[in-house]
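One structure below.
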Number of protein chains: 2
Amino acid sequence: MPERRPRKDAARNRAAVLAAADSLFARGESVEAVTMADVAAEAGVGKATLFRAFGDRTGLIQALYAARLRPVMEAVEEGPSPLGPATPARQRVPALLDAILCFKLDNRHLALALEEAGSGGPYQAEQYDWWHHTLQAALEEIPGLPDAAFTAHALLAATRADLVEHLAGQQQMPRQQLRAHLAAYTARLLDAGGQIG
Amino acid sequence: MPERRPRKDAARNRAAVLAAADSLFARGESVEAVTMADVAAEAGVGKATLFRAFGDRTGLIQALYAARLRPVMEAVEEGPSPLGPATPARQRVPALLDAILCFKLDNRHLALALEEAGSGGPYQAEQYDWWHHTLQAALEEIPGLPDAAFTAHALLAATRADLVEHLAGQQQMPRQQLRAHLAAYTARLLDAGGQIG
DNA sequence: TGCAAAAACGGACCCCGGGTCCGTATCGTC
DNA sequence: GACGATACGGACCCGGGGTCCGTTTTTGCA
């Protein structure tokens with residue numbers, strides 16, 4: 001299936017919508033206060049165009065999220081240490097979690113919107129599966145841990161967007177402190193079973 | 001402020017609504033598919049009655065949730081070991097988490113609905129604060145752990161309703177296995193720093 | 001027991017936001 | 001420049017949360 005490329009006005013509009021949504025989401029306090037009509041207006045486009053390009057609200061949010069996430073994904077899949085695949089698991093796991101946390105801190109609105117989108121929380125967004133797979137694989141190389149799949153879920157849960165928002169947003173916890181807490185928590189889990197610093 | 005008690009028809013209707021909502025939520029697949037009008041109809045009551053009694057959708061869900069949770073809360077606050085306050089922290093923490101997990105397994109629809117209600121996830125429902133407080137206090141009595149407040153958040157995140165739903169619902173993981181995973185995870189965290197079994 | 005004020009009732013109604021329809025404008029191609 | 005294919009846009013539909021207000025029930029008091 002050749003998948004012929006879109007007309008150029010369609011491409012232009014798609015980009016405009018993406019930019020408009022990004023700007024609107026970042027501007028206001030809550031993402032859910034931004035209506036699809038708002039986005040269309042900001043982009044200077046009809047509502048139908050927006051739905052034609054992204055299917056529905058969730059689609060738009062996912063597209064934005066995926067775009068922002070791409071560089072991080074690339075860094076994880078083929079980048080240098082400590083995020084890249086050549087890193088020993090014991091260093092890579094905390095690096096992955098820190099990367100996720102930082103990403104969510106930098107993209108709070110989006111992450112929040114995505115994780116609230118539709119029902120089922122973040123667990124149906126395909127990005128979640130990817131993170132989970134990656135993290136699980138790394139965890140499996142560390143001996144003595146509980147079930148890697150569950151552990152990966154539990155660790156990822158500690159970086160849920162609404163928790164991050166609760167801590168960094170409502171409670172004003174500084175970025176560095178949050179990162180330090182998560183790092184300490186992760187270390188505690190990974191270092192159990194013998195060695196003490 | 002004497003807070004005179006409600007008229008008896010109001011009380012009866014309140015109970016009827018609660019019962020109707022409970023039944024409807026449990027019956028259907030997704031909670032969000034149940035409309036307020038549905039609940040009113042099932043209860044044999046006008047919509048306004050429903051809103052008068054509970055304020056809004058979230059209020060109704062919270063009321064249901066709180067009612068279900070009460071016995072657990074009592075068991076934690078004044079019950080016997082291992083849930084009650086007299087339990088040593090090292091045993092109480094896993095007991096608390098297991099209790100939460102079981103509760104969410106037994107009340108999946110409700111927990112899911114509550115944690116999705118409004119924005120901000122579960123972190124604005126007052127029950128969360130209560131659990132967090134309780135868990136944090138217990139954690140503080142275990143030496144060598146990372147920041148107790150953060151750890152409590154992280155552990156609670158591992159019992160998020162949508163994660164439970166994902167594992168127990170979509171992936172069909174059996175109850176006992178899920179409990180075992182969580183227990184192992186918790187144990188790993190608590191037992192770190194020296195002693196090996 | 002009778003009566004009036006207070007409290008609650010109910011369902012028609014409003015509002016707003018996601019998603020769609022279809023007549024019109026634009027693009028790409030020959 | 002002409003014609004089919006593709007995209008546009010905003011009026012429109014629909015469904016659900018939440019409210020208004022005329023009517024009914026309860027309650028407190030004589």
Side-chain angles (χ1 to χ4, degrees), chain A residues 1-21 24-25 27-64 109 112-114 116-120, chain B residues 1-21 24-25 27-64 109 112-114 116-120:
Chain A
M1 45 205 70
E3 186 83 19
R4 18 118 111 302
R5 63 192 233 273
R7 250 168 60 172
K8 74 161 181 269
D9 53 348
R12 177 171 40 76
N13 280 335
R14 184 186 171 91
V17 166
L18 235 28
L24 280 183
F25 285 163
R27 196 176 312 166
E29 290 307 288
S30 89
V31 169
E32 64 191 70
V34 177
T35 176
M36 294 301 265
D38 292 343
V39 176
E42 174 83 6
V45 143
K47 267 177 68 176
T49 295
L50 188 158
F51 282 97
R52 211 174 302 116
F54 298 97
D56 59 7
R57 191 173 218 273
T58 303
L60 171 58
I61 292 170
Q62 275 196 334
L64 258 181
H109 321 280
L112 214 47
L114 181 67
E116 280 173 6
S119 56
Chain B
M1 43 203 71
E3 187 83 18
R4 22 127 98 303
R5 62 195 236 272
R7 254 165 59 167
K8 73 161 181 270
D9 53 349
R12 177 171 40 75
N13 281 336
R14 183 186 172 92
V17 166
L18 235 28
L24 280 182
F25 285 163
R27 196 175 312 167
E29 290 307 288
S30 88
V31 168
E32 63 191 71
V34 176
T35 176
M36 295 300 266
D38 292 342
V39 175
E42 173 83 6
V45 142
K47 269 177 65 177
T49 296
L50 190 156
F51 282 96
R52 211 174 302 118
F54 298 98
D56 59 7
R57 190 172 218 273
T58 303
L60 170 59
I61 293 169
Q62 274 197 334
L64 259 180
H109 322 279
L112 214 46
L114 181 67
E116 279 173 6
S119 56

Worksheet item: Considering only heavy atoms from C-beta outward, does the side chain of B:Arg52 approach that of B:Asn13 to under 4.5 Å?
Response: no

Worksheet item: In whole angstroms, how far is the P atom of D:dG17 from the CD atom of B:Glu32?
Response: 11 Å

Worksheet, complete the sentence: Closest to the side chain of B:Lys47, out of C:dG17, D:dG9, D:dT19, is D:dT19

Worksheet item: In the 5'-to-3' direction, what one-character label does each nucleotide of nucleotides 22-30 of chain C receive under the scheme B = base within less than 4.0 Å of a protein heavy atom, S = sugar-phosphate only, - = no such atom?
Response: ----BSS--

Worksheet item: For C:dG18, does OP1 or OP2 lie under 4.0 Å from any side-chain N or O of A:Thr35?
Response: yes

Worksheet entry | Whole-Å distance separating the CE atom of A:Met36 from the P atom of D:dG9 | 15 Å

Fill in: Least distance between heavy atoms, A:Ala21 atom then A:Leu64 atom
CB-CD1, 3.8 Å

Item to complete: Search all heavy atoms of B:Met36 against all heavy atoms of B:Arg57 and return the closest pair with its distance.
Response: CE-CA, 3.6 Å

Worksheet, complete the sentence: Between CG of B:Asn13 and P of D:dT25 the distance, given in whole Å, is 12 Å

Practice prompt. Of all the heavy-atom pairs spanning B:Val17 and B:Ala43, show the shortest one and how long it is.
Written response: CA-CB, 3.9 Å

Discussion item. Starting the side chain at C-beta, find the nucleotide from D:dG16, D:dC8, C:dG10 nearest to A:Thr49.
Written reply: D:dC8

Worksheet item: Can you tell me how far P of C:dA12 sits from CG of B:Leu50, to the nearest Å?
Response: 16 Å

Worksheet entry | Closest nucleotide among C:dC9, C:dG17, D:dG17 to the B:Ala10 side chain | C:dC9

Worksheet item: Of the non-hydrogen atoms in B:Leu24 and B:Glu42, which two are nearest, and what is the gap between them?
Response: CD1-CB, 3.8 Å

Worksheet entry | Trace of the side chain to side chain contact (heavy atoms under 4.5 Å, CB included) decision for A:Arg14 with A:Phe54 | CA-CA 8 Å; A:Arg14 184 186 171 91; A:Phe54 298 97; 3.6 Å; yes

Discussion item. Rounded to whole Å, how long is the line connecting atom CZ of A:Phe51 with atom P of D:dG10?
Written reply: 15 Å

Fill in: d(CZ, B:Phe54; P, D:dG18) in whole Å
14 Å

Worksheet, complete the sentence: To the nearest angstrom, the CG-P distance between A:Asp38 and D:dG9 comes to 17 Å

Fill in: For the student: nearest non-hydrogen atoms of A:Val31 and A:His109, plus distance
CG2-O, 3.3 Å

Worksheet, complete the sentence: Note: for A:Thr58 and B:Val45 on DNA chain C, the residue whose nearest nucleotide lies more 5' is B:Val45

